[in-house]
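Structure, as structure tokens:
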Amino acid sequence: QVKVVESGGGSVQAGGSLRLSCAASGYTYCIYDLNWYRQVEGKEPELITRVDIDGSTAYANSVKGRFTVSRDNVNMVYLQMNSLKPEDTAMYYCKTDRRPGTDYTPDCDYWGQGTQVTVSS
């Protein structure tokens with residue numbers, strides 16, 4: 001089984017910081033990539049960053065330079081969010097994914113329950 005649990009959300013003022021955690025467990029191929037999405041009401045989830053099992057990262061332009069994702073443990077991912085802006089307000093989700101190019105393996109799209117981030121001006 002695969003389990004994904006996010007934590008660390010809260011309310012901060014603009015310019016503040018938060019650190020989110022994603023605890024993921026299960027089949028290694030399923031948690032090869034751990035992705036952070038955020039979603040606001042009425043909008044589709046936005047992929048903001050991803051980190052693979054070796055620690056390689058990628059960022060959306062909207063968060064590049066402000067957010068840092070790290071994976072110091074195969075089962076634990078952190079999202080350090082600095083210089084937060086009101087537009088960062090959203091529900092943040094951690095989602096598992098297979099290694100790119102391995103569509104021959106079973107689906108591994110497991111979502112956590114989400115953690116709310118609210119940034120006030």
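Position 1 is the first residue of the sequence; numbering continues from there. Excluded from the calculations below are hydrogen atoms, water molecules and symmetry mates; all remaining heavy atoms, backbone and side chain alike, are included. Here the structure is a predicted model, which means the values were calculated and not measured.
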- Task: Please examine the side chains of Val51 and Asp33, heavy atoms only from C-beta on, and report whether any two atoms are closer than 4.5 Å.
- Result: no
- 4.5 Å side-chain heavy-atom contact, Val117 and Met81: yes
- Message: The criterion is salt bridge (charged side-chain N to carboxylate O under 4.0 Å, His left out); which residues satisfy it with Asp88, sequence neighbours excluded?
- Response: Arg38, Arg66
- Message: I'd like to check Trp36 versus Val77 (side-chain heavy atoms, cut-off strictly below 4.5 Å). Are they in contact?
- Response: yes
- Message: Filter on side chain to side chain donor-acceptor pair (under 3.5 Å), then keep only pairs touching residues 77-87, sequence neighbours left out; what's left?
- Response: Ser17-Asn82, Gln80-Asn82
- Which residue pairs pass the side chain to side chain donor-acceptor pair (under 3.5 Å) test with at least one member in residues 51-61, sequence neighbours excluded? Asn61-Lys64
- Out of curiosity, does Leu34 fall in the hydrophobic cluster containing Met76 (side-chain heavy atoms, cut-off under 4.5 Å, transitive links)? no
- Message: Side-chain heavy atoms nearer than 4.5 Å, only ILVMFWY residues, links allowed to pass through others: does that put Leu79 and Tyr110 together?
- Response: yes
- Could you walk me through whether Tyr32 and Asp97 pass the side-chain contact (heavy atoms from CB on, under 4.5 Å) check? CA-CA 6 Å; Tyr32 187 93; Asp97 201 2; over 6 Å; no
- Task: Enumerate the residue pairs fulfilling salt bridge (charged side-chain N to carboxylate O under 4.0 Å, His left out) with a member in residues 109-121, sequence neighbours excluded, ordered by first and then second residue.
- Result: Lys95-Asp109
- Query: Who pairs with Asp107 by salt bridge (charged side-chain N to carboxylate O under 4.0 Å, His left out), at least two apart in sequence or on another chain?
  - Reply: Arg98
- Message: Give me the atom names and distance for the closest heavy-atom approach of Gly26 to Ile31.
- Response: O-CD1, 4.3 Å
- Can you name the side-chain contact (heavy atoms from CB on, under 4.5 Å) partners of Pro106, sequence neighbours left out? Tyr29
- Task: Sort and list the pairs that fulfil salt bridge (charged side-chain N to carboxylate O under 4.0 Å, His left out) and have at least one residue in residues 17-27, not counting sequence neighbours.
- Result: none
- Where do Tyr92 and Glu6 come nearest, in terms of heavy atoms and distance? O-OE2, 4.1 Å
- Item | Residue pairs involving residues 70-121 (criterion disulfide bond (SG atoms under 2.5 Å apart); sequence neighbours excluded) | Cys22-Cys94, Cys30-Cys108
- Item | side-chain contact (heavy atoms from CB on, under 4.5 Å) between Ile48 and Phe67, worked out | CA-CA 9 Å; Ile48 58 172; Phe67 291 9; 4.1 Å; yes
- Query: Which residues pass the side-chain contact (heavy atoms from CB on, under 4.5 Å) test with Val5, sequence neighbours left out?
  - Reply: Lys3, Gln113
- Item | Minimum heavy-atom distance between Ala90 and Val40, given as atom pair plus value | CB-CG1, 3.7 Å
- Apart from Leu47 itself, its cluster of hydrophobic side chains linked below 4.5 Å comprises Tyr37, Met91, Tyr93, Trp111
- Sequence neighbours excluded, which residues qualify as side-chain contact (heavy atoms from CB on, under 4.5 Å) partners of Thr118? Ser11, Thr89, Gln116
- Report the residues that fulfil side-chain contact (heavy atoms from CB on, under 4.5 Å) with Ala14, sequence neighbours left out, ordered by chain and then residue number. Pro86, Val119
